[in-house]
Amino acid sequence: MSTSSLNRSGFGSPVPLLAVLASGLVGIALALVFFVAPEDADQGLSQKIFYFHVPIALTAYACFGWGAFKALLLLWRKEERYDLESYVAVHQGTIFGALTLATGSIWAKASWGHWWLWSENQLVLFLVLFLFYSAYFMLRFSIEEGPRRANISAVYALFGIALVPVSFLAIRLAENVIHPTVFTREGPQMTGTMFFTFCVAWVAISALAYALYRLELLGKRLDSNLRELREALSS
Amino acid sequence: MISARALEKRYGRKRALRPLDLDVASGSFLVVTGANGSGKTTLLRLLAGLAAPSRGTLEVAVDRGRLGYLGHEALVYRELTALENLDLYGRLYRVPERRERIGMLLERFGLWEARGERASALSRGMLQRLALCRALLHDPDLLVLDEPFTALDVQGAALLDHQLAELRGTRTVVVSTHEPERVQRLASARLALT
Amino acid sequence: MTFLADVATLARKDLRLELRARDTLPAMLLFVVSTLVVFRFALPEGADDVAAHGLLWVALVFTALLGLARAWAPEREGGALEGLVLAPTDRSAIWLGKSAAVFIFLCALDAVALPAFALFFAPVSLSTVAGVLLANVGICAIGTLLAAMAAASRTRELILPLLFLPLAIPLVVGGVGAGVSAEPARFLAFLGLYDGVFAILCWASFEYVVSE
């Protein structure tokens, strides 16, 4: 693992460039959202939350998907590095998932006056996923480091991805019978400018997520290299 | 039969086995010695297929069905009788003429009278003998024994001595031990781990 | 087919162990009845059938958890799991054998829980029974695998509910829906889908849960 990860971690790392790029994009997105995009006739300022809430949600899904992909690679190729990559992706996904819940809750309060809405399928789905992936960390940190932990984490991450569509179906079914919809929501009709702003925000959040992912990976790999060096020097 | 190059095993940051090259020809009797923590158990688990190498290569020319392993634990069901345990493994290993073979092994290792006892009721020495029966049940081509003499009583040790002498030459045997003198005369190869 | 023969051997072994020890199943039976009685007191008067069905499923899920926590106990105690992994048996057969035994225990559980529920709360329809049976498949499939994961963890008994409950949510939706909805077929079909997806996933991935 030593030499290849050194190349990946220290010298010529893309992380600083990514960080600058992501910050720049987020800045542009913020500017567009608050100064350029027209205000929604019905919901006013609170509608602006959507420019963040939806991209954050999509990014969370992407992170979980990326984590599951790396998990699959780990089980197939059996290379150590995929374990860390899968873990960091799931970690980022959970952070963005928590943000999804937070922004969703704020939007619900602003639009409907309630901090939580069971009729909002996306929110409920994220709640279930959040519970699921929180357990991922509890599981991971209660197993000793090694191939066993890597394999089990990977299998669990794959279960998570399978849970997404299944949960979504379940929530749809529940909504019809167990929790009949009380609030109807008309999706925001997006004008050209709105759509453009949305896309920019999406790209910005995705770039941010990717930058954070690479940053955390870098940090963890440097930690691990440092430890290896210490061990090599002391023995 | 066994071929390893730069074989290494780590658990996270802990290194359990330092890089190792090894060649074991078919029919050899390899004795592995080393202090506690030198990696004897790890090496034997790698050979048995219970763990995968972290680095390096390991080729073992037999598949799971032709390999017998004895570890530190007996690997039996405590609430099943000695006979039931062996019958279970006999089925899983698809041992031909299962009943006869089980009976023969139980008698050979002095467990016939205790065959209806639950494993939890057996003494440590008898439990180790049961584990030996389990390891030998399917007449494996490769036997991997991790400190087999440790839990055995005097009588059991004598029985194992006899069994190992019988297997020598016709099967490949890898034994790790704290007391190399016991198996010295049988050894055709030695490996000392540091 | 040796795969099925191994599954049968292993399932028989689990049934024999439980019949001999008689500790897990009686505890589960008593637990589910006690839970239903607690729910009777917890529900206010005039609560409808739908609420009662919801509580039935809570009782079933938590009782299943109780049983699953001990699913791999015999393998852990004597180290037998390694013995099984050493054998030429397909690793998925180990999972399937254990799941089959758990399925039988769950059915025994339902044979007591459903009549008790009918006695304390409301009559049980055929679609509820179908839902329970389908959900049992899902519970034993993922429960057995998750219990094996939990066995590798330091916090064994604590972690199993955390792993199991999020995955059990769709099962509860399917089960309750099958019992109370006017269109139980959709919910039963959904349960079938869940079972299919997760059984395949468990079958394919169990090997990695027990390997190093």
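In what follows, every chain begins at residue 1, and chains take the letters A, B, ... in the order their sequences are listed. Being a predicted model, the structure only gives us computed values, none of them experimental.
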Can you list, pair by pair, the side-chain donor-acceptor contacts under 3.5 Å of residues 110-136 of chain C, counting residues two or more places apart and other chains?
unit_1, atom_1, unit_2, atom_2, d
C/D110, OD2, C/N136, ND2, 2.5
C/S125, OG, C/S127, OG, 3.1
C/S125, OG, C/T128, N, 3.3
C/S125, OG, C/T128, OG1, 3.0
C/S127, OG, C/A178, O, 3.0

Extract all donor-acceptor atom pairs below 3.5 Å that involve side chains of residues 78-90 of chain C and protein atoms in other chains or at least two apart in sequence.
unit_1, atom_1, unit_2, atom_2, d
C/E82, OE1, B/R45, NH1, 3.2
C/E82, OE2, B/R45, NH1, 2.7
C/E82, OE2, B/R45, NH2, 2.9

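C/F190 has its side chain within reach of A/V166: a pair of non-hydrogen atoms, C-beta onward, lies under 4.5 Å apart. In this structure, the side chains of A/F159 and C/C202 come closer than 4.5 Å at one or more pairs of heavy atoms. A heavy-atom distance below 4.5 Å is found between the side chains of C/L167 and A/L163.
Within a 6.0 Å radius of CD in A/E144, other residues, nucleotides and ligands contribute 12 heavy atoms or fewer.
In this structure, the portion of C/I169 lying under 4.5 Å from any heavy atom of chain A is its side chain and not its backbone. Using a 4.5 Å cut-off between heavy atoms, C/L163 contacts chain A through both its backbone and its side chain. Heavy atoms of C/L145 lying under 4.5 Å from chain A belong exclusively to its side chain. Using a 4.5 Å cut-off between heavy atoms, C/L171 does not touch chain A at all. If you measure heavy-atom distances from A/F130 to chain C, you find no contacts under 4.5 Å at all. Heavy-atom distances place both the backbone and the side chain of C/V209 under 4.5 Å from chain A. Looking at A/F141, only its backbone comes within 4.5 Å of chain C, counting heavy atoms on both sides. For C/L165, no part lies under 4.5 angstrom from a heavy atom of chain A.
The distance from atom CE of C/M149 to atom CZ of A/R148, rounded to the nearest 0.5 Å, is 10.0 Å.
Of the listed residues (A/V128, A/L139, A/L127), the greatest number of heavy-atom pairs within a distance under 4.5 Å of chain C belongs to A/L139. For the set C/L193, C/L162, C/L201, C/V197, the count of heavy-atom pairs under 4.5 angstrom toward chain A peaks at C/L201. With chain A as the partner, the residue from C/A150, C/A204, C/A152 showing the most heavy-atom pairs under 4.5 Å is C/A152. Across C/G174, C/S211, C/A148, the residue that shares the most heavy-atom pairs under 4.5 angstrom with chain A is C/S211. Counting heavy-atom pairs under 4.5 Å between each of A/I152, A/L169, A/L131, A/L158 and chain C puts A/I152 at the top.
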(request) I would like to know whether C/Y208 and A/K78 meet side chain to side chain contact (heavy atoms under 4.5 Å, CB included); could you show each step before the answer? (result) CA-CA 11 Å; C/Y208 300 102; A/K78 303 195 198 320; 4.0 Å; yes

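Among pairs with a residue in residues 138-156 of chain C, those fulfilling side chain to side chain donor-acceptor pair (under 3.5 Å) read A/S142-C/S153, C/S99-C/T144, C/S153-C/T155, at least two apart in sequence or across chains.
Listed in order of number, the residues of residues 55-76 of chain A that approach chain C to under 4.5 Å between heavy atoms are A/L75.
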